[in-house]
Amino acid sequence: MEEQRKSAEYFLNLLKQARRGKFKIYLGMSAGVGKSYRMLQEAHNLLRNGIPVKIGFIETHGRADTEALITGLPVLPRRKLFYKGNELEEMDVDLILKLKPEVVIVDELAHSNIPGSKNEKRWQDVVELLEAGINVISAINIQHMESLQVELSAYLKMEVKERVPDKVFDMADELVLIDISVEDLIARLKEGKIYHVDKIQTALSNFFQAEHLDLLRELAVKEVASHAIKKHERYQVGSKKRRLERFMVCISTDEKRARSLIRRTSRLASYYHAEWFVLYVQTAKESSDKIALDKQRFLINNFKLATELGGQVIQIKGTDVPSHIVEQVLQMQITTLCIGRPHWSFFRILWTMGLFRKLLKKLEPIEVDLIILS
């Protein structure tokens with residue numbers, strides 16, 4: 001019965017994929033590398049080859065070369081909304097769905113829509129268009145990838161507010177790197193080809209530092225390479241003997257710690273194109289009548305983050321945490337278990353090591369890898 005269910009779900013997924021529009025993403029290390037320019041070039045090429053294409057949304061940032069390329073392209077009108085007394089514009093998703101062009105260009109994939117828009121985020125607009133069978137070409141910078149936020153905050157000392165779940169990158173049929181050298185990018189900035197002259201020095205002192213750009217460029221290259229490998233493996237007939245990787249991470253109500261563990265496990269699972277799960281064991285001391293309301297809210301937010309990143313959340317109640325972990329490892333056929341290293345005082349570590357030894361003992365007869373994330 002279970003095999004029949006899985007077979008039916010697999011066939012249903014194939015049907016959905018066949019009906020879904022094709023998705024191409026241009027990825028860059030930062031603003032100014034030429035993503036919008038390349039999309040407009042492709043739009044012209046598609047039109048020359050008789051393929052109907054519409055510009056759903058393009059952001060030129062006042063760059064003359066990019067604005068010149070819009071000439072001759074069918075640009076769709078934007079939807080006007082009023083917010084805090086100002087008239088603002090957003091991409092008109094309903095108009096695109098009504099016209100149903102074969103291809104639509106949608107810039108700024110990580111953009112947060114104005115309150116009152118159909119969807120909260122532009123990537124959600126894009127998913128809706130794809131599900132309607134419309135092919136989409138979009139663009140994004142690597143720093144907006146959700147699972148990279150731990151690494152970026154550690155190195156760049158910055159918080160990226162507009163983020164896109166990894167599952168959106170995984171949906172891409174093509175992930176294309178738009179790459180130039182760090183030296184050339186900084187030269188373009190100094191020449192006023194990226195930002196207005198009064199913003200150049202601020203950019204050079206903050207985001208556009210060479211070491212920052214080197215890191216972002218490396219991450220972008222790795223992501224495109226990883227995507228190509230996963231795409232190849234997805235269509236390759238796998239050996240029956242090959243072990244299918246499945247990750248599980250255990251979290252607590254510690255908000256920042258849990259968020260970091262979730263993102264890092266998502267990243268690990270992404271490299272293997274693997275399913276992954278978040279396990280939360282609610283002990284008696286964390287019951288809803290004892291835990292603070294803010295911790296409950298943080299926990300729910302982390303569950304939401306895990307879901308957005310493509311993970312599945314498992315919540316159980318119990319007192320014997322190691323036993324519950326092992327039970328879920330067996331039940332979900334987990335191959336790699338991730339736990340966080342405790343950042344506690346010496347005496348609490350001694351107390352916790354008893355639980356850790358108990359967990360190791362229970363995992364010993366099981367073929368599962370254990371990763372302790374710092």
Side-chain angles (χ1 to χ4, degrees), residues 21 23-28 30-40 42-43 53-101 103-132 134-146 149 158-165 168 189 192-200 202-203 206-208 301 304 308:
F23 188 24
K24 182 173 185 175
I25 299 177
Y26 282 115
L27 179 68
S30 76
V33 297
K35 302 180 301 299
S36 300
Y37 190 88
R38 183 68 66 86
M39 284 195 298
L40 293 173
E42 184 164 359
V53 59
K54 303 287 185 185
I55 307 299
F57 191 97
I58 195 73
E59 184 58 73
T60 67
H61 297 286
R63 295 165 193 154
D65 291 346
T66 306
E67 289 182 346
L69 275 176
I70 296 178
T71 304
L73 294 176
V75 181
L76 295 177
R78 300 178 183 182
R79 185 183 176 209
K80 299 185 186 303
L81 297 101
F82 283 91
Y83 180 63
K84 293 185 177 180
N86 297 312
E87 185 182 67
L88 304 171
E89 295 181 336
E90 286 288 8
M91 181 174 72
D92 195 333
V93 182
D94 288 330
L95 176 62
I96 298 171
L97 290 170
K98 181 181 178 181
L99 297 174
K100 202 165 184 179
V103 182
V104 64
I105 303 293
V106 180
D107 205 357
E108 303 282 351
L109 185 60
H111 171 76
S112 296
N113 291 331
I114 300 165
S117 300
K118 187 174 186 181
N119 296 304
E120 183 183 353
K121 303 287 186 178
R122 184 163 293 160
W123 66 261
Q124 294 170 324
D125 294 337
V126 166
V127 170
E128 188 172 353
L129 297 176
L130 291 170
E131 289 176 348
I134 299 170
N135 303 306
V136 178
I137 300 173
S138 192
I140 191 171
N141 292 324
I142 189 65
Q143 71 265 24
H144 297 289
M145 191 172 189
E146 179 68 66
Q149 297 312 305
M158 59 177 285
E159 181 186 5
V160 180
K161 294 183 178 179
E162 293 183 323
R163 303 191 291 263
V164 174
V168 178
L189 174 66
K193 294 181 178 179
I194 299 177
Y195 296 136
H196 192 270
V197 64
D198 59 357
K199 295 181 179 179
I200 293 175
T202 301
N206 294 283
F207 188 84
F208 278 78
N301 288 341
K304 181 182 177 183
E308 288 178 346

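Here, residue 1 is the first one in the sequence, and each next residue gets the next number. Computed from a predicted structure; not experimentally measured.
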Interatomic spacing from [atom1] in [X] to [atom2] in [Y] - rounded to 0.5 Å:
{"X": "L129", "Y": "F23", "atom1": "CG", "atom2": "CZ", "result": "10.0 Å"}
{"X": "E308", "Y": "N301", "atom1": "CD", "atom2": "CG", "result": "9.5 Å"}
{"X": "D65", "Y": "L40", "atom1": "CG", "atom2": "CG", "result": "11.5 Å"}
{"X": "L99", "Y": "D94", "atom1": "CG", "atom2": "CG", "result": "11.0 Å"}
{"X": "I96", "Y": "D125", "atom1": "CD1", "atom2": "CG", "result": "8.0 Å"}
{"X": "L76", "Y": "M91", "atom1": "CG", "atom2": "CE", "result": "9.5 Å"}

Is there a donor-acceptor pair under 3.5 Å between the side chain of [X] and the backbone N or O of [Y]?
{"X": "R63", "Y": "I194", "answer": "yes"}
{"X": "S36", "Y": "T60", "answer": "no"}
{"X": "E42", "Y": "Y37", "answer": "no"}
{"X": "R122", "Y": "D107", "answer": "yes"}

Give me the atom names and distance for the closest heavy-atom approach of [X] to [Y].
{"X": "E89", "Y": "I114", "answer": "O-CD1, 3.9 Å"}
{"X": "Q149", "Y": "M145", "answer": "NE2-O, 2.8 Å"}
{"X": "L109", "Y": "S138", "answer": "CB-OG, 3.4 Å"}
{"X": "A132", "Y": "L97", "answer": "CB-CD2, 3.5 Å"}
{"X": "F208", "Y": "A31", "answer": "CZ-O, 3.7 Å"}
{"X": "V164", "Y": "A110", "answer": "CG2-CA, 3.6 Å"}

Check: Any side-chain donor-acceptor pair under 3.5 Å between N141 and K35?
Finding: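 The criterion, which ignores hydrogens and geometry beyond distance, is satisfied for K35 and N141.
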Next item on the list: Decide side-chain contact (heavy atoms from CB on, under 4.5 Å) for H61 and T66; before the verdict, give the C-alpha distance in whole Å, the side-chain angles of both, and the deciding distance to 0.1 Å.
Entry: CA-CA 9 Å; H61 297 286; T66 306; over 6 Å; no
Checklist line | Full working for side-chain contact (heavy atoms from CB on, under 4.5 Å) between I55 and I70 | finding: CA-CA 9 Å; I55 307 299; I70 296 178; 5.9 Å; no
Margin query: Testing H144, E59, E90 one by one against H111 for a side-chain hydrogen bond (donor to acceptor under 3.5 Å, both in side chains), which residue passes?
Written below: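 Of H144, E59, E90, side-chain hydrogen bond (donor to acceptor under 3.5 Å, both in side chains) with H111 is met by E90 alone.
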Check: When you check the gap from the basic side-chain N to the acidic O, do K118 and E128 get nearer than 4.0 Å?
Finding: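 Looking at K118 and E128, the cut-off is met.
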Check: Does a side-chain heavy-atom distance below 4.5 Å link I140 with I25?
Finding: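 Touching, per the 4.5 Å side-chain cut-off.
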Next item on the list: For residues P77 and D92, determine if any side-chain heavy atom of one lies less than 4.5 Å from a side-chain heavy atom of the other.
Entry: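 They are not in side-chain contact.
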